[in-house]
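Remember, predicted model here, so these are calculated numbers, not experimental data. One-based numbering along the sequence shown. Atom set for the values below is all heavy atoms of this structure, side chains included, hydrogens, waters and symmetry mates excluded.
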Amino acid sequence: MAFDILYTGKAKETLNVVYTFIVEKFSLAIANKFINQTELKIKLISENPFIYKSSVLDESIRIALINKHTSLFYQIKGNKIYLLFFWDNRQDPFFTTD
């Protein structure tokens with residue numbers, strides 16, 4: 001049984017930032033390829049939510065590698081998966097605040 005996927009506001013915002021960055025720096029085709037990769041990873045997470053490792057800071061948060069530049073942070077609550085935010089792996093997540 002697949003889990004329900006819910007995007008937080010921060011997830012929508014950060015996905016849009018990453019997508020826009022890719023369009024501006026590379027091309028629309030590469031940005032769309034990124035979206036396809038992301039959709040495949042989200043489907044995989046929906047079907048097997050514990051496939052990716054837990055965060056060192058919070059075991060209830062898991063981190064999925066979309067590609068070498070971008071990760072997806074998500075949380076499992078009951079039969080729902082909350083996509084928390086997308087992260088540029090070149091940044092240090094330990095020093096961010098909301």
| task | Go through the steps to decide whether Ile42 and Leu72 satisfy the test side-chain contact (heavy atoms from CB on, under 4.5 Å), and finish with yes or no. | result | CA-CA 9 Å; Ile42 291 170; Leu72 166 61; 4.0 Å; yes
| task | Group every Ile, Leu, Val, Met, Phe, Trp and Tyr by side-chain heavy-atom contacts under 4.5 Å, then state whether Val23 and Phe34 land in the same group. | result | yes
| request: Find out if a path of hydrophobic residues (ILVMFWY) with successive side-chain heavy-atom gaps under 4.5 Å connects Val18 to Leu28. | output: yes
| remark: Hits for salt bridge (Lys or Arg N to Asp or Glu O under 4.0 Å) against Lys80, two or more places apart or cross-chain, chain-then-number order -> Asp4
| request: Not counting sequence neighbours, which residues clear salt bridge (Lys or Arg N to Asp or Glu O under 4.0 Å) with Lys43? List them please. | output: Glu47
| request: Let me see the working for Ile5 and Tyr74 under side-chain contact (heavy atoms from CB on, under 4.5 Å), right down to the final yes or no. | output: CA-CA 10 Å; Ile5 298 290; Tyr74 67 96; over 6 Å; no
Return all side-chain donor-acceptor pairs below 3.5 angstrom for residues 59-66, not counting sequence neighbours, or 'none' if the list is empty.
unit_1 : atom_1 : unit_2 : atom_2 : d
Ser60  : OG     : Asp58  : OD1    : 2.8
Ser60  : OG     : Gln75  : NE2    : 2.8
Arg62  : NH1    : Tyr52  : O      : 2.4

| query | About how many Å separate CD1 of Ile45 and CG of Leu40, when rounded to the nearest 0.5 Å? | reply | 11.0 Å
| remark: So OG1 of Thr70 and CG of Asp88: to nearest 0.5 Å the spacing works out to 6.0 Å
| field | Geometric class of the Phe73/Trp87 ring pair [parallel <30°, tilted 30-60°, perpendicular >60°] | value | perpendicular
| request: Could you walk me through whether Ile35 and Leu15 pass side-chain contact (heavy atoms from CB on, under 4.5 Å), step by step? | output: CA-CA 9 Å; Ile35 292 297; Leu15 178 59; 4.1 Å; yes
Residues in side-chain contact (heavy atoms from CB on, under 4.5 Å) with [X], at least two apart?
X     : value
Val17 : none
Ala11 : Tyr7, Thr8, Leu83, Phe86
Asn16 : Thr20

| said: So, using side chain to side chain donor-acceptor pair (under 3.5 Å) as the criterion, who are the partners of Ser71 when residues are at least two apart? | reply: Asn89
| note | Hits for side chain to side chain donor-acceptor pair (under 3.5 Å) against Glu13, two or more places apart or cross-chain, chain-then-number order -> none
| Heavy-atom check, side chain of Asn67 versus side chain of Gln37, under 4.5 Å | yes
| request: Would you check, one step at a time, whether the test side-chain contact (heavy atoms from CB on, under 4.5 Å) holds for Phe3 with Asn48? | output: CA-CA 8 Å; Phe3 284 53; Asn48 190 357; over 6 Å; no
| Which pairs with one or both residues in residues 19-36 pass salt bridge (charged side-chain N to carboxylate O under 4.0 Å, His left out), sequence neighbours excluded? | none
| request: Taking all heavy atoms of Ser46 and all of Pro49, pick out the closest pair and write down the distance. | output: O-CD, 4.2 Å
